[in-house]
There are 2 protein chains.
Amino acid sequence: MVAIWLALWSLNGPLEHWQTNVKPAVKSTWRLQSDIVRCILRHKELGKRRTLRASELLYNQGDESRHFYFVESGLIEVSIIKIDGTEVVLELMGAGTICGEGAAFDKLPRFSRAAATVPSVVIEFATGDLMNAFREDGEFAMTLLEVACLKQRILASRLEHMTYREPASRLMELFERLAEVDPSSEMTVSLTHEQIASMTGTSRVTVTRTLQKLREEGKIGFDGGKLILRREDD
Amino acid sequence: MVAIWLALWSLNGPLEHWQTNVKPAVKSTWRLQSDIVRCILRHKELGKRRTLRASELLYNQGDESRHFYFVESGLIEVSIIKIDGTEVVLELMGAGTICGEGAAFDKLPRFSRAAATVPSVVIEFATGDLMNAFREDGEFAMTLLEVACLKQRILASRLEHMTYREPASRLMELFERLAEVDPSSEMTVSLTHEQIASMTGTSRVTVTRTLQKLREEGKIGFDGGKLILRREDD
DNA sequence: ATGGGGCTGTATCGCAGGATACGGTGGTTG
DNA sequence: CAACCACCGTATCCTGCGATACAGCCCCAT
């Protein structure tokens, strides 16, 4: 049994009082292990600190850039704008995560955009400055590889679950992934049905419908605004 | 206008004679730039060569392993077996590509399986042996990062297109990606409708139907067994 | 020569999810 | 306090995909 705080705006009833308190908290869909963070911070003097206002763009899809970012505080939404104008939310990167390394290292235009959703502080690294650091600290290269490969894993897993047509499977994948971000502590995630729809490739209406159905089937439960996953391996 | 050789078993007619000749050729959905390949081959004495029989398993989903592989010749199918038993084909990795680095570097169990579809030769590297090489040759670390990030890009792109519900968009994404593997030369890709279905998350019947429709709409064409993409940017 | 297996082509049926619309509720802004 | 906005809940309609079944074709093994 895993509990994740899903601050949905209103779940079959009026807003609970605490929800308005929770909203401004930082809610990320990602976290890195502390040893990875420590290894990266060992080299923070290679980068330079940047502060972002709410809704400020960090980088845009199509840009050419060799920069990547360590998020020190705040929340960065990474997404892809499709040709038809709709948005696919890839991740909400919170403090202690890395973003933008994909296009920085493969030297091709950005395949996603990143924008701060709340005032944020990031450390900007340039790939060209890393070669010396790699020579002195091979661990650093290993750590960056580890991060890149972790993202591969998440993307592959999401891809796998996208081949299921039933929205229920897609939503459960999202919730289980959120629960894995930090299974020990209770973290809060604030998503609208619209955002869930955009992350799972369904429609807003279907998210509402599916959440109802999942609750009726007992696969998820709501306690106040807290979403509870019921898993086989209890 | 881009042409890719898609050796479909039979396209509205009897098998063309040349198709039976083409079949044994190596048909991969991936290729790396030659400078990347050269950089990796500089360190090939770190790895050891392994030969695989047809349908031999290289690694299995769930395994714990710090090994990754450079494909010297042959063809490796990388796929995920879903809980319901169905298979999602991620890639067909041909000569000059890398596979298995995802789980090798992030130190978690394999999220995919890899099996040779034809007799193949791979070079097996262990991540633990790389630290020294990274110190001597920072470029090596950069190149591995580039490969890992390229895969991120492909996976993100596939994820993006999976959010489209129409099978037509999903198929076109696959074809365009295949065409990009090597736009200059004409490469052959041999896929059954079943495999296409498994790569795009639709059913076999729908693939057949959609191919018909795309041809009627003029978005693709067939010349013998060669599939021709008609793009806007002609 | 013959039968079996793998693949494509096609038809039918049922149903789930997208599109759309509208109402309700709470928060926000001035 | 009032008007507006963002979000959730729900109903209706309809398209289009999945499941299933079957036929035809080619290749290959025996």
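Numbers restart at 1 for each chain; the letters A, B, ... are given by sequence-line order, proteins then strands.
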Salt bridge or not for B/R113 and B/E77, using N-O below 4.0 Å? no
Can we say A/E91 and A/K151 salt-bridge, meaning some charged N sits less than 4.0 Å from an Asp/Glu carboxylate O? no
Under 4.0 angstrom between A/Q212 side-chain N/O and D/dT10 OP1 or OP2: yes
In whole Å, what is the span from the CD atom of B/E166 to the P atom of D/dC17? 8 Å
Position toward the 5' end of DNA chain D (nearest nucleotide), A/T208 or B/T210: A/T208
Measure the spacing between CD of B/Q152 and CG of A/L150 and express it to the nearest 0.5 Å. 10.0 Å
Can you tell me the distance, in whole Å, between the CD atom of B/E216 and the P atom of C/dG9? 12 Å
Is it true that the NZ or CZ of A/R153 lies under 6.0 Å from the centre of B/F111's six-membered ring and within 45 degrees of the ring axis? no
Does a side-chain N-to-carboxylate-O contact under 4.0 Å join A/E160 and B/K82? no
Answer with yes or no whether B/R204 presents, from its side chain, a donor or acceptor under 3.5 Å of a partner atom in the base of D/dG18. no
Looking only at the side chain of A/R165 (C-beta and beyond, no hydrogens), which of the listed nucleotides C/dA21, D/dC17, C/dG18 gets closest? D/dC17
D/dA6 P sits how many Å from A/Q195 CD, rounded? 14 Å
Could you state the atom-to-atom distance from CD1 of B/I196 to C1' of D/dG18 in whole Å? 18 Å
Assuming nearest nucleotide by heavy-atom distance, tell me which of A/A168 and B/E194 is located more 5' along DNA chain C. B/E194
Look at the side-chain N and O atoms of A/T192 and state whether any lies under 4.0 Å from the OP1 or OP2 oxygen of D/dC7. no
Rounded to whole Å, the CG-P distance (A/L171 to C/dA16) equals 16 Å
Would you say D/dC17 has OP1 or OP2 under 4.0 Å from some side-chain N or O of B/T206? no
Nucleotide C/dG17, atom C1' - distance to CG of A/L211 in whole Å: 15 Å
Name the residue closer to the 5' end of DNA chain D, choosing between B/P167 and A/R209 according to the nucleotide with the nearest heavy atom. A/R209
